[in-house]
S.K.: 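Before I ask anything, let me first share the structure, which is written out below as structure tokens.
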Amino acid sequence: MSKKITNIELQDKERRGFFSKVGIALLGISAMPLFNSFGGSVALANELPAYRLKDKKNLKYHGERPLTAETEVYALDSDFTKPENFFIRNNGVPPSMDKIKERVKNGWTLEVSGESVKDAKTYTLDELKSKFKHYTYALTLECGGNGRGEVIPSTKGTQWGYGAVACGRWTGVRVRDILEDCGIKDDAVYIGYYGVDTKLTGEEVAPISRGVPLKKALQDETLIAWEYEGKDIPWVNGYPLRLVCGGYPASASGKWLSKIVVRDKIHDGEKMATSYKIPVEPVRPGDFNYKGEMKIIESMPVKSIITNIKNDTKFKANKNFEVRGKAWAGELEVNEVYVSVDYGVTWIKANVEKPINRLAWQKWSTKIKLPTKGYYEIWARAVDSEGKSQPMVLAQWNPNGYLNNSCHRVSVVGV
Amino acid sequence: MFKKLFVFLFLSISCLFAEYKINPDNGLIIDTNVELVENHCLACHNSGLIVNMNANRDAWIAAIRWMQESEGLWEIPAEDESKLLDYLVKHYGEKYNTRRRLPLPILMQK
């Protein structure tokens, strides 16, 4: 057995060596199980530089094809997520920058069509910018599978830690204004989007085409955006145009947006039938054969993260220090955040700031102390405006490992 | 008798300690049936989706069925699929590397 352990340690060492070389700080992340699950693949790590993006920082890459990477939780400490820290989740192959530039040169267009649109129209990007009023909102986008790495039994899909989330200020036009300009029929119930990314199999078709109920599309904060944090949207996050539906799984916010369809039924685009759905009735953990009714995930559940403390940080015993982070609750607001250093025996109420606007994440902070020397864990737990709290474990297992909002924790040592 | 037992123990232990190499070209552990994974899985996605996952046989089957249903994965002959699953479960099987409370059915199986 000892030989086996030594081998694993060696691989870890080699990996760490590699990561420090490429400048990705791996230690101190909050999801150590994920680090372990990086797969015993030194070779994979060695492949990383080829697809690491130069304009991205503090990301932990999960895979190349499809390209996926989450933000290190400590990089989410800034008020808004910086463009270079925005997580990456692809279902297919992103359009190349050359392909995008070619389209932009000819005038990037957004088509609005579908059976429930009165007057189908196509706008150029310039028309969108000049014809409609601009709005800026900070919106939280979280992958529906964020936290999947701690789902037991494990399910398919990217084994995310806690960093597949971002909140920043998006600027664009309201979907509502566009739909009003085209006119929508009385039977409209849903919208769907199409981007210009392509399938992993090489087919030149959309790898994902999801949608949201019309009531979500018509909200003030639902945007067709071209700017993120005052700059062009980063290439891999949807440049030059992205649908942004904050509070819903980020898969609803289509990247490289080229078409919106207004539907008289629930949109039936790619990945609407089998993905981003959870069982209506709870299922036994590990039941991959569940064939019961499924429902589409809409509002994401309440969640919080500790952003200013890395694992194994040392603090002087019996001395106050600050714990802070972010909390969000899908379509709802976060009312309270509590912190515990004794595994939930006692909870300390944190100060929670109001969101800058609806669907933006909220800053929270408090001062705590470690009563003695020794090993502690800091747990954070948010409560939403309907009184729903984060659970300590996965609330309900589902075959696709979605919606794990169990509380975030970091390890600390009193000295 | 003791000799037999010794040989048996030796073989079992060697088996436990067997070290596997990783293919530098694709990141997969080199072992019997790895070519099935290379042929059927890496055609579309890279090994990141495989080596990141530690899942039981049912979860791997569910992943394959989902890819066949919606991602354009072809039918795999039953015998090959079984071997492919053997490889995946052996090297990328379920690992409970967490201190969180395990779901009850999992605890009861142990």
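We name chains A, B, ... by the order of the sequence lines, and we start the count at 1 in each one. None of the values given here were measured: they were computed from a predicted structure.
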S.K.: Taking every non-hydrogen pair under 4.5 Å, which of A:Ser406, A:Gly286, A:Ala273 racks up the most with chain B?
M.R.: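 Heavy-atom pair counts peak at A:Ser406.
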S.K.: Under 4.5 Å from any heavy atom of chain B, what part of A:Tyr290 do you find: side chain, backbone, both or neither?
M.R.: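 Neither part.
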S.K.: Taking only residues two or more places apart in sequence or in another chain, which ones pass side chain to side chain donor-acceptor pair (under 3.5 Å) with A:Thr201?
M.R.: A:Glu203
S.K.: Among A:Ile152, A:Val93, A:Thr68, which residue has the highest count of heavy-atom pairs closer than 4.5 Å to chain B?
M.R.: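 Of the options given, most contacts go to A:Ile152.
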S.K.: Do the side chains of B:His45 and B:Ile50 get nearer than 4.5 Å, heavy atoms only?
M.R.: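 Side chain of B:Ile50 against side chain of B:His45, heavy atoms only: contact under 4.5 Å found.
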S.K.: When you compare the side chains of A:Glu377 and A:Ser411, does any donor N or O come within less than 3.5 Å of an acceptor on the partner?
M.R.: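 The answer is no; no qualifying pair exists.
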S.K.: Looking at B:Arg65, B:Glu69, B:Glu71, B:Arg101, which has the largest count of heavy-atom pairs under 4.5 Å with chain A?
M.R.: B:Glu71
S.K.: Between A:Trp160 and A:Tyr61 (judged by ring centroids, cut-off 6.0 Å), do the two rings come close enough to count as a pair?
M.R.: no
S.K.: Given heavy-atom pairs under 4.5 angstrom as the criterion, report whether the side chain, backbone, both or neither of B:Asp58 touches chain A.
M.R.: both
S.K.: Can you see whether A:Gln159 engages A:His62 through a side-chain donor-acceptor pair at a distance of less than 3.5 angstrom?
M.R.: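 Their side chains do not contain a donor-acceptor pair, so the 3.5 Å distance test is not met.
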S.K.: I need the residue from B:Ala63, B:Ser70, B:Cys44 with the largest number of non-hydrogen atom pairs under 4.5 Å to chain A.
M.R.: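 Heavy-atom pair counts peak at B:Cys44.
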S.K.: Tell me which pairs pass side chain to side chain donor-acceptor pair (under 3.5 Å) where either residue lies in residues 30-43 of chain B, with sequence neighbours left out.
M.R.: B:Asn26-B:Glu38, B:Asp31-B:Lys90, B:Asp31-B:His91, B:His40-B:Trp74
S.K.: Relative to chain B, which segment of A:Thr274 carries a heavy atom at a distance below 4.5 Å: side chain, backbone, both, or neither?
M.R.: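 Both parts, backbone and side chain.
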